[in-house]
Participant: 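The structure's right below; bear with me while I get my questions together.
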Amino acid sequence: MSERISGAEALMRSLEHEGVDVMFGYPGGAIMPTYDALYDHRDRLDHILVRHEQGAVHAAQGYARVSGKVGCAMVTSGPGAMNTITGIADAMMDSTPLVVICGQVGTAQLGTDAFQEVDVIGVTQPITKWAFQIRRAEDVAWAVSRAFFVARSGRPGPVVLDFAKNAQTGMVDYEPACVDYIRSYVPYPEPAPGAIEQAAKMINNSVKPLVLVGQGVELAGAREELIAFLEKAQLPAGCTLLGLSALPSDHPLNMGMLGMHGNLGPNVMTNQCDLLIAVGMRFDDRVTSDVSTYARQAKVIHFDIDPSEIGKNVKVDLAVLGDCKQTLAAVTKLIDKATHNAWIEGFRPYEEKERSKVIEPAIHPAEGPLLMGEVVNAVSEATGHSAVLVTDVGQNQMFGCRYFKFTLARSVLTSGGCGTMGFGLPAAIGATFGAPGRRVCLFTGDGGLQMTIQELGTIMERKCPVKIILLNNNFLGNVRQWQYMFFGKRYSFTPMLNPDYEGIASAYGIPSRTVVERADLADAIREMLDTDGPFLLQCAVKEEDNILPMTPPGGCVENMLLEVE
């Protein structure tokens with residue numbers, strides 16, 4: 001039997017009906033009726049008050065990525081809504097399921113330039129899977145159900161609900177809704193007839209196959225299916241930045257990271273394979289670099305749930321559409337049990353060359369200042385390679401993803417497509433709520449940390465157990481490296497005068513320690529990990545350290561640089 005309640009109360013009940021028990025937000029005028037309704041749901045719906053609306057969306061992303069659930073954020077209209085745009089675009093690029101609820105002026109005021117009125121739908125339509133303005137209380141239950149269905153189904157992504165104030169205060173005979181079908185929306189396409197069989201035939205006939213593993217494997221929960229697929233035919237694999245934890249780091253068929261700063265072997269061998277098998281990845285330019293020179297010798301099979309990705313950047317010989325949890329399993333049944341020992345051995349010289357010229361000097365330096373690589377490696381080892389890695393963007397991101405190792409799925413949380421500085425700290429907060437039983441380690445730079453440093457207030461209030469490893473080089477490091485390599489060492493506005501980070505941490509009640517000497521690193525890491533709750537470990541690292549290898553922008557994947565002049 002239905003009950004007559006306000007639209008704001010209907011929103012709360014609809015969120016609970018969708019299984020939401022955690023949300024991130026910041027109140028304001030146009031969303032105030034809904035926050036008033038939230039007051040009576042505090043025991044069932046844990047609202048985390050962030051310090052900036054951008055932080056709310058990044059935190060919701062962190063929650064979603066580690067939990068596999070839909071992240072939820074709620075803000076007010078106008079500037080509140082506009083402050084979420086970066087996070088929404090980031091979620092769209094990285095296929096993160098979110099529902100972002102924005103307050104809006106009443107429908108009678110729409111188009112009048114009312115106080116804190118912005119055309120949220122017009123702004124967000126290009127960067128969401130769906131954006132909808134709720135103008136009537138009667139539409140709340142349907143809109144929420146549809147929003148969560150769209151966000152989580154198929155290729156996940158963000159949805160925005162623009163909630164007019166009169167719809168919040170209006171009354172409705174409430175009944176929960178269940179949307180599980182939308183005409184013309186096909187979240188799980190079927191493979192073309194014969195595609196599974198043709199894929200198996202191409203793999204069986206291949207002498208030098210290479211699998212590219214993307215985040216789609218994680219999103220589909222297809223880790224076991226991927227491993228069975230690789231192991232049956234002894235298929236070597238490289239992982240994209242967001243797909244790094246889809247395959248255990250120490251798996252013998254894991255050849256390493258793809259991309260501009262990835263491992264030498266899988267990048268070079270991309271241009272030597274005879275069959276490229278892409279699974280749940282989108283051939284981003286940071287993976288392919290110059291597409292005119294990328295894998296021209298190879299046939300390409302692309303497993304993906306999103307038809308728009310097929311052939312978008314790289315010509316594909318065979319598309320296998322659908323959820324890769326099902327399609328990988330189907331193909332695995334048909335492929336021959338095989339070995340590719342000689343082909344896999346071809347990766348070894350590149351591994352050894354990279355290890356001697358890049359990896360060992362980065363993680364086991366004989367002397368000199370602390371290096372980012374050795375800090376990341378030491379933290380990874382101290383956590384048994386089982387922690388959630390969160391990074392900001394820049395050199396900290398590349399060093400973090402190169403030298404942190406993974407044993408568990410959903411362990412990489414970084415901004416891939418948008419490359420959003422400031423992502424790390426709020427995303428790490430969200431991760432502590434999405435995976436409360438796991439250790440969360442954030443690697444950030446002095447530049448990125450200051451972009452959302454106010455979220456230390458959220459950590460203080462909620463005692464979020466984020467282990468913050470600040471790699472402080474007094475530079476915008478990644479930009480400085482490009483200036484060093486490609487702009488004649490003209491460091492235009494990349495040196496940074498930094499504040500007293502330990503003093504800032506102390507003001508927020510967060511324990512901290514600074515390490516300058518290598519001899520103190522192990523003890524400092526142990527102190528950080530043994531401390532309950534949050535901790536800031538500042539590492540004074542080499543100012544002009546460079547992340548290598550590197551494919552020069554616009555270059556060819558087989559011409560990676562192992563050193564700079």
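Keep in mind that this is a model prediction, so the values were computed, not measured.
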Participant: Can you check whether Phe535 reaches Ile510 side chain to side chain, under 4.5 Å on heavy atoms?
Facilitator: no
Participant: Which atom names give the shortest non-hydrogen contact between Leu389 and Gly400, and what distance separates them?
Facilitator: CD2-O, 3.6 Å
Participant: Could you check whether any side-chain N or O of Ser411 sits under 3.5 Å from a backbone N or O of Ala409, counting only pairs where one atom can act as donor and the other as acceptor?
Facilitator: yes
Participant: Side chains of Phe443 and Leu470: closer than 4.5 Å at any heavy-atom pair?
Facilitator: no
Participant: Supply the atom-to-atom distance Ser512 OG to Ile504 CD1, rounded to the nearest 0.5 angstrom.
Facilitator: 10.5 Å
Participant: Check the side chains of Thr391 and Thr414 for a donor-acceptor pair under 3.5 angstrom, ignoring hydrogens and angles.
Facilitator: yes
Participant: For Asn472 and Asn498, which I'm curious about, is there any donor-acceptor pair between the side chains at under 3.5 Å?
Facilitator: yes
Participant: Would you tell me whether Ser380 and His385 have side-chain atoms, one donor and one acceptor, within less than 3.5 Å of each other?
Facilitator: yes
Participant: Are Thr420 and Asp90 linked by a side-chain donor-acceptor pair shorter than 3.5 Å?
Facilitator: yes
Participant: If we ignore hydrogens and angles and just use 3.5 Å, is the side chain of Gln116 paired with the main-chain N or O of Ser77 as donor and acceptor?
Facilitator: no
Participant: Give the intermediate values and the outcome of side chain to side chain donor-acceptor pair (under 3.5 Å) for residues Glu544 and Tyr491.
Facilitator: CA-CA 11 Å; Glu544 295 187 89; Tyr491 295 157; 2.6 Å; yes
Participant: Stepwise, does the salt bridge (Lys or Arg N to Asp or Glu O under 4.0 Å) test hold for Arg518 with Glu374?
Facilitator: CA-CA 9 Å; Arg518 180 166 292 112; Glu374 71 174 309; 2.7 Å; yes
Participant: Do Thr240 and Leu212 have side chains that get closer than 4.5 Å, going by heavy atoms?
Facilitator: no
Participant: Have Gln481 and Gln395 got a donor and an acceptor in their side chains that come within less than 3.5 Å?
Facilitator: yes
Participant: Tell me which one of Val211, Leu226, Leu235, Ile344 satisfies side chain to side chain contact (heavy atoms under 4.5 Å, CB included) with Leu253.
Facilitator: Ile344
Participant: Taking Asp119 for the side chain and Gly122 for the main chain, is one N or O donor matched with an acceptor at less than 3.5 Å?
Facilitator: yes
Participant: Is any NZ, NE, NH1 or NH2 atom of the basic residue among Asp317 and Lys315 found under 4.0 Å from an Asp or Glu carboxylate oxygen of the other?
Facilitator: yes
Participant: Looking only at non-hydrogen atoms, find the nearest pair between Met269 and Trp343 and report the distance.
Facilitator: CE-CZ3, 3.5 Å
Participant: Do Arg286 and Asp284 sit within salt-bridge range, that is, some charged N less than 4.0 Å from a carboxylate O?
Facilitator: no
Participant: Leu456 and Leu425: side chain to side chain contact (heavy atoms under 4.5 Å, CB included), yes or no, with the steps?
Facilitator: CA-CA 8 Å; Leu456 291 175; Leu425 187 62; 4.1 Å; yes
Participant: Would you find a donor on one side and an acceptor on the other, under 3.5 Å apart, between the side chain of Asp94 and the backbone of Gly416?
Facilitator: yes
Participant: If you compare all heavy atoms of Met281 against all heavy atoms of Ala278, which two are closest, and at what distance to 0.1 Å?
Facilitator: SD-CB, 3.6 Å
Participant: Going by distance alone, is a donor N or O of one side chain under 3.5 Å from an acceptor N or O of the other, for Thr494 and Gln483?
Facilitator: yes
Participant: Tell me the closest heavy-atom pair linking Glu455 and Val50, and the distance in Å.
Facilitator: OE1-CB, 3.5 Å
Participant: Taking atom CG of Leu413 and atom OH of Tyr63, what is their separation to the nearest 0.5 Å?
Facilitator: 14.0 Å
Participant: Taking side chain as C-beta onward, heavy atoms only, is Leu442 less than 4.5 Å from Ile469?
Facilitator: no
Participant: Taking the side chain as everything from C-beta on, heavy atoms only, tell me whether Pro266 gets closer than 4.5 Å to Tyr350.
Facilitator: no
Participant: Quiz question: by atom type and distance under 3.5 Å, do the side chains of Glu543 and Asn473 form a donor-acceptor pair?
Facilitator: no
Participant: Should we say atom CZ of Phe486 is surrounded by more than 12 heavy atoms from elsewhere, each under 6.0 Å from it?
Facilitator: yes
Participant: For the pair Arg410 and Gln215, evaluate side chain to side chain contact (heavy atoms under 4.5 Å, CB included) and give the outcome as yes or no after the intermediate values.
Facilitator: CA-CA 9 Å; Arg410 293 190 175 273; Gln215 188 194 196; over 6 Å; no
Participant: Sub-3.5 Å donor-acceptor pair from the side chain of Asp520 to the main-chain atoms of Val515, do we have one?
Facilitator: no
Participant: Apply the test side chain to side chain contact (heavy atoms under 4.5 Å, CB included) to residues Thr458 and Phe24: give CA-CA distance (whole Å), side-chain angles for both, the deciding distance (0.1 Å), then the verdict.
Facilitator: CA-CA 10 Å; Thr458 308; Phe24 306 85; over 6 Å; no
Participant: Is there side-chain contact between Ile88 and Val160, with at least one heavy-atom pair below 4.5 Å?
Facilitator: yes
Participant: Tell me, yes or no, whether the heavy-atom count around Lys312 atom NZ, taken from other residues, nucleotides or ligands under 6.0 Å, exceeds 12.
Facilitator: yes
Participant: Could you tell me whether the side chain of Ser95 reaches within less than 4.5 Å of the side chain of Leu219, counting heavy atoms only?
Facilitator: yes
Participant: With a sphere of 6.0 Å drawn around OH of Tyr26, does it hold more than 12 non-hydrogen atoms of other residues, nucleotides or ligands?
Facilitator: no
Participant: When rounded to the nearest 0.5 angstrom, what is the spacing between CG in Leu98 and SG in Cys72?
Facilitator: 9.0 Å
Participant: At their closest point, which heavy atom of Leu476 faces which heavy atom of Gly447, and how far apart are they?
Facilitator: CD2-CA, 3.9 Å
Participant: For Thr514 and Glu502, does a side-chain donor sit closer than 3.5 Å to a side-chain acceptor?
Facilitator: yes
Participant: Please round to the nearest 0.5 Å and tell me the distance separating atom NE2 of His302 and atom CG of Asn313.
Facilitator: 9.5 Å
Participant: To the nearest 0.5 Å, tell me how far Ser386 OG sits from Leu408 CG.
Facilitator: 6.0 Å
Participant: Treating Asn271 as the side-chain partner and Thr293 as the backbone partner, does any N or O pair qualify as donor plus acceptor under 3.5 Å?
Facilitator: yes
Participant: Before you tell me yes or no, could you show the steps for Arg355 and Glu352 under salt bridge (Lys or Arg N to Asp or Glu O under 4.0 Å), namely the whole-Å CA-CA distance, both residues' side-chain angles and the distance that decides it to 0.1 Å?
Facilitator: CA-CA 5 Å; Arg355 176 156 288 281; Glu352 293 165 7; over 6 Å; no
Participant: Counting only N and O atoms by type, is there a donor-acceptor contact under 3.5 Å from the side chain of Lys467 to the main-chain atoms of Gly533?
Facilitator: yes
Participant: Mind listing the closest non-hydrogen atom pair of Val314 and Thr288 along with its distance?
Facilitator: CG2-CG2, 4.1 Å
Participant: Between the side chains of Arg513 and Glu527, is the shortest nitrogen-to-carboxylate-oxygen separation below 4.0 Å, so that they form an ion pair?
Facilitator: yes
Participant: Pairing donors with acceptors under 3.5 angstrom, does anything connect the side chains of Glu558 and Asn267?
Facilitator: no
Participant: Just wondering, do Pro549 and Val358 contact through their side chains at under 4.5 Å, heavy atoms?
Facilitator: yes
Participant: Under a 3.5 Å cutoff, is there a donor and acceptor pairing between the side chains of Thr86 and Gln54?
Facilitator: no
Participant: Can any side-chain N or O of Arg480 pair as donor or acceptor with the backbone N or O of Asp545 at less than 3.5 Å?
Facilitator: yes
Participant: Can you tell me if Lys405 uses its side chain to pair, donor with acceptor, with the backbone of Arg402 under 3.5 Å?
Facilitator: yes
Participant: Side chain to side chain contact (heavy atoms under 4.5 Å, CB included) between Ile525 and Leu537: does it pass, once the steps are laid out?
Facilitator: CA-CA 8 Å; Ile525 292 172; Leu537 174 60; 4.0 Å; yes
Participant: Pair Glu309, Arg155 - check salt bridge (Lys or Arg N to Asp or Glu O under 4.0 Å), show working.
Facilitator: CA-CA 11 Å; Glu309 291 296 343; Arg155 179 179 178 175; 2.8 Å; yes
Participant: Are Phe399 and Phe404 an aromatic pair by the rule of ring centers under 6.0 Å?
Facilitator: no
Participant: Using atom types as modelled and distance alone, determine if a side-chain donor or acceptor of Asn254 lies under 3.5 Å from a backbone N or O of Pro248.
Facilitator: yes
